[in-house]
Participant: 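This is the structure, below, for whatever I ask next.
For the numbers below, each heavy atom of this structure counts, side chains included, while hydrogens, waters and symmetry mates do not.
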Amino acid sequence: QVQLVESGGGLVQAGGSLRLSCVVSRNIISIIFMGWYRQAPGKQRELVASIGTNGRTNYVDSVKGRCTISRDNSRNTVYLQMNSLKPEDTAVYYCTAGGLPWGRGTQVTVSS
């Protein structure tokens with residue numbers, strides 16, 4: 001069964017940075033859409049960033065200019081670099097890859 005394994009979360013002070021990684025247990029070169037979602041307590045899961053095979057990226061307005069999504073097809077990995085973190089970025093972050101089952105996510109907690 002194909003798995004998505006997220007890592008890189010943690011506790012960080014406001015203004016800090018984190019780099020999230022998601023390793024997919026299969027070749028991702030043919031996966032057109034990959035992205036990162038997040039879900040804060042009591043809120044719906046929202047798409048934070050996405051990247052296509054052509055490298056085109058999209059971001060939710062709240063993270064534009066602070067986050068960068070990238071993918072390394074040779075490592076079957078998608079990344080999310082998050083800078084200037086804010087307390088409102090606190091959530092569990094999940095990656096998505098071509099409709100594959102969700103992983104367990106990685107917790108990001110930003111203290112004020």
Side-chain angles (χ1 to χ4, degrees):
Q1 182 177 356
V2 180
Q3 291 183 316
L4 306 180
V5 180
E6 301 96 340
S7 63
L11 173 62
V12 64
Q13 289 187 332
S17 298
L18 286 172
R19 188 193 194 206
L20 307 184
S21 301
C22 173
V23 179
V24 184
S25 62
R26 56 152 279 192
N27 192 297
I28 67 169
I29 195 168
S30 63
I31 298 179
I32 296 173
F33 179 89
M34 300 190 73
W36 286 93
Y37 282 77
R38 66 185 178 188
Q39 187 166 20
K43 295 188 176 181
Q44 289 188 330
R45 194 170 294 190
E46 68 167 346
L47 180 61
V48 176
S50 64
I51 185 167
T53 51
N54 59 2
R56 172 172 281 187
T57 58
N58 285 288
Y59 300 92
V60 69
D61 285 346
S62 59
V63 305
K64 282 181 180 177
R66 301 190 296 118
C67 293
T68 303
I69 188 171
S70 60
R71 60 191 287 172
D72 185 340
N73 292 339
S74 68
R75 296 178 183 271
N76 298 328
T77 302
V78 60
Y79 302 97
L80 185 67
Q81 177 68 44
M82 301 191 298
N83 302 320
S84 302
L85 282 162
K86 304 175 180 181
E88 50 264 43
D89 294 317
T90 295
V92 179
Y93 285 71
Y94 302 88
C95 71
T96 183
L100 293 173
W102 296 103
R104 294 186 175 183
T106 186
Q107 175 71 49
V108 171
T109 304
V110 184
S111 63
S112 58

Participant: Please find the pair of heavy atoms, one from Ala91 and one from Arg38, that lie closest to each other, and give the distance.
Facilitator: CB-CB, 3.8 Å
Participant: Backbone N or O of Gln3 within a donor-acceptor pair of the Ser25 side chain at under 3.5 Å?
Facilitator: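 Flag set: sc Ser25 to bb Gln3 pair under 3.5 Å.
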Participant: Which ILVMFWY residues can you reach from Met34 by hopping between side chains whose heavy atoms are under 4.5 Å apart?
Facilitator: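 Same cluster as Met34: Val2, Leu4, Val12, Leu18, Leu20, Val24, Ile28, Ile31, Trp36, Val48, Ile51, Tyr59, Val60, Val63, Ile69, Val78, Leu80, Met82, Leu85, Tyr93, Leu100, Val108, Val110.
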Participant: Taking transitive links into account, so neighbours of neighbours count too, which hydrophobic residues share a cluster with Leu11 at under 4.5 Å side-chain distance?
Facilitator: none
Participant: Determine, step by step, whether Asp89 and Lys86 satisfy the salt bridge (Lys or Arg N to Asp or Glu O under 4.0 Å) criterion, reporting the C-alpha distance in whole Å, the side-chain angles of both residues, the deciding distance to 0.1 Å, and the verdict.
Facilitator: CA-CA 5 Å; Asp89 294 317; Lys86 304 175 180 181; over 6 Å; no
Participant: Please identify each residue that fulfils disulfide (SG to SG under 2.5 Å) with Cys22, with sequence neighbours left out.
Facilitator: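 Cys95.
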Participant: Output all residues satisfying salt bridge (Lys or Arg N to Asp or Glu O under 4.0 Å) with Arg26, sequence neighbours left out; order by chain, then residue number.
Facilitator: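 Salt bridge (Lys or Arg N to Asp or Glu O under 4.0 Å) list for Arg26, sorted by chain: empty.
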Participant: Which pair of non-hydrogen atoms, one from Ser112 and one from Ala14, has the smallest distance, and what is that distance?
Facilitator: CA-CB, 4.4 Å
Participant: With no hydrogens and no angle check, just 3.5 Å: does a side-chain donor-acceptor pair link Asn73 and Arg71?
Facilitator: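 Yes, side-chain donor-acceptor contact under 3.5 Å.
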Participant: Can you list everything that forms a side-chain contact (heavy atoms from CB on, under 4.5 Å) with Ser21? Sequence neighbours excluded, please.
Facilitator: Ser7, Thr77, Tyr79
Participant: Could you measure the distance from the OG1 atom of Thr57 to the NZ atom of Lys64? Nearest 0.5 Å is fine.
Facilitator: 9.5 Å
Participant: Using a cut-off of 6.0 Å, state whether more than 12 heavy atoms not belonging to Leu47 lie near its atom CG.
Facilitator: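 Yes, CG of Leu47 has more than 12 neighbouring heavy atoms, counting only those of other groups under 6.0 Å.
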Participant: Is there a side-chain contact between Asn76 and Asn27, using heavy atoms and a 4.5 Å cut-off?
Facilitator: yes
Participant: Measuring from atom CD of Gln44 to atom CD of Gln39, what distance do you get when rounded to the nearest 0.5 angstrom?
Facilitator: 8.5 Å
Participant: Provide the full list of side-chain hydrogen bond (donor to acceptor under 3.5 Å, both in side chains) pairs with a residue in residues 94-105, sequence neighbours left out, each pair given once.
Facilitator: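 Sorted pair list comes back empty.
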